[in-house]
Amino acid sequence: MENLVNEKKTGWENLSEEQRKNIFKFADEYMYFLNNGKTEREIVAETKEILEKNNFVDISSKQELKPGDKVYYCNRGKSMYIAVIGEEKLECGLNIVGAHVDSPRLDLKPNPLYEESGFAYLKTHYYGGIKKYQWTTIPLSIHGVIVKTNGEKITVNIGEKEEDPIFVITDLLPHLAQEQMEKKLKEGISGEALNLLVGSIPADDKDAKEKVKYNVLKLLNEKYGIIEADLLSAELEIVPAFKARTMGLDMSMVAAYGQDDKICSYTSLRGILNVEKPRKTAICILSDKEEIGSMGNTGMESHVFDTFIAELLDKTGENRPNLLDRVFCNSRMLSADVDAGYDPIYASVSEVNNSAFLGRGVGLNKYTGARGKSGASDANAEYVAEIRKMLEENDIRYQVSELGKVDVGGGGTIAYILANKGVDVIDCGIPVLSMHAPYEVTSKFDIYEAYRTYEAFLK
Ligand code: MN
Ligand code: MN
């Protein structure tokens, strides 16, 4: 009997010349997107621009909504909800794809600048799950905003242009690292050692106490018109300064910072751009703060998304008391977040039959969680079957997997937050190697299949 055994094969075999071309072209566009935005604020700004070029408008500019209308809501410049209004009433349910735009990084502390032994440094507090040793001795850039008390907002981006300086966190030379090398990997570099080296020239001013720090402040004042206290009301993020690049002799992969989860953000954005007058209203979520638990008013735990859907209900003229809960109970969602790719060098943490492989298509996680599925949103079998049907009908390659061996670790996404509202949700994303590292690796084949998946789902 054909198909009796679920054969798991790479998607690269038997592709037509045309399919290959589409995959590579899409990956180039994805890398271009990555190189224009590395932080949640930059990605939201870039996305807004793309949306407006594609006839989406800010929802506040619309008094009423009708099928085919395309709107977005931008939450404090850090997260975003995008909608294409469907033919059916919202009450019949939404098709939602939800990704996140924040990535692990180093944030500057509120009082970051100090001088020691002739060097000026910026102190950081890491954001999200990082392996600290990976952030030393690589080129880093500074991105973000400084807001002055008069409301003026200064956008900062240093280290991306060829002519810009970059920054580095130093590490100990091996010759003197005997003691450091005996430590556990997680203790090798401490959080308080992640200090960014930013200057070494003293100011000419005779009276200045810390002349190197003073010189840095003078430079910042000349460039941005700020004083040291303005750093108190800033959000400055330290991210790798390298560009997204094609990887491998066969050009099959992408290496880049922040692919978790800009890879699903981009593919779902591209998916919704192709949606015209769907049957059910199509929604894309680009959320913030996923990497630190989705809390706060730009995170998915906030009620801002509910408010957005309530606004859709108001403006389509269908709202009535308690309708929102019903909308959610009738809705379906793909939680578009990356998946741990099977890495043969670290095979011991994975169970090979239930791992996601690079190049085998989009990866579904029925559940996540840790230690006995704790904290997981476990997709219902009926819903998994529905999604399988959609994927198979569209000839999209997919794999269903778990995040590593039982009891080895675990993780989560925004899936449970929507599932708790009553939405049917399954995690559906792209397998990644070296997740959360400054340079993550993905397969171009999977990127294209994810794009096709989100497009088909939203349509
Ligand atoms: Mn993620
Ligand atoms: Mn993550």
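If you read the sequence from its start, that first residue is 1, and numbering goes on from there. Both backbone and side-chain heavy atoms feed into the values below; hydrogens, waters and symmetry mates do not. Both counts, for ligands and for their atoms, begin at 1 and track the order of listing.
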- Hey, mind stepping through Lys262 and Glu440 against salt bridge (charged side-chain N to carboxylate O under 4.0 Å, His left out) and telling me if it holds? CA-CA 11 Å; Lys262 295 172 186 82; Glu440 301 171 318; over 6 Å; no
- Fit a plane to each ring of Phe26 and Tyr451, take the angle between them on a 0 to 90° scale, and name the class: parallel (under 30°), tilted (30 to 60°) or perpendicular (over 60°).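 Because their plane-to-plane angle is under 30°, the rings of Phe26 and Tyr451 count as parallel.
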- Do we see a donor-acceptor contact under 3.5 Å between the side chains of Asp288 and Thr298?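 Yes, Thr298 and Asp288 have a side-chain donor paired with an acceptor closer than 3.5 Å.
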- Are Asn195 and Tyr114 linked by a side-chain donor-acceptor pair shorter than 3.5 Å?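 Result is yes, a qualifying pair exists.
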- Query: Which N, O or S atoms belonging to the protein are less than 2.8 Å from the Mn ion (ligand 1)?
  - Reply: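 As for protein N, O or S atoms lying under 2.8 Å from the Mn ion (ligand 1), they are His100 NE2, Asp260 OD1, Asp337 OD1, Asp337 OD2.
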- Hey, are Glu187 and Lys132 close enough for a salt bridge, meaning a charged N less than 4.0 Å from a carboxylate O?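 Salt bridge flag = no for Lys132 with Glu187.
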- State which residues pass ring pair (Phe, Tyr, Trp, His ring centres under 6.0 Å) with Tyr73; sequence neighbours excluded, sorted by chain then number.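 Testing Tyr73 for ring pair (Phe, Tyr, Trp, His ring centres under 6.0 Å), a comparison that skips the adjacent residues, returns none.
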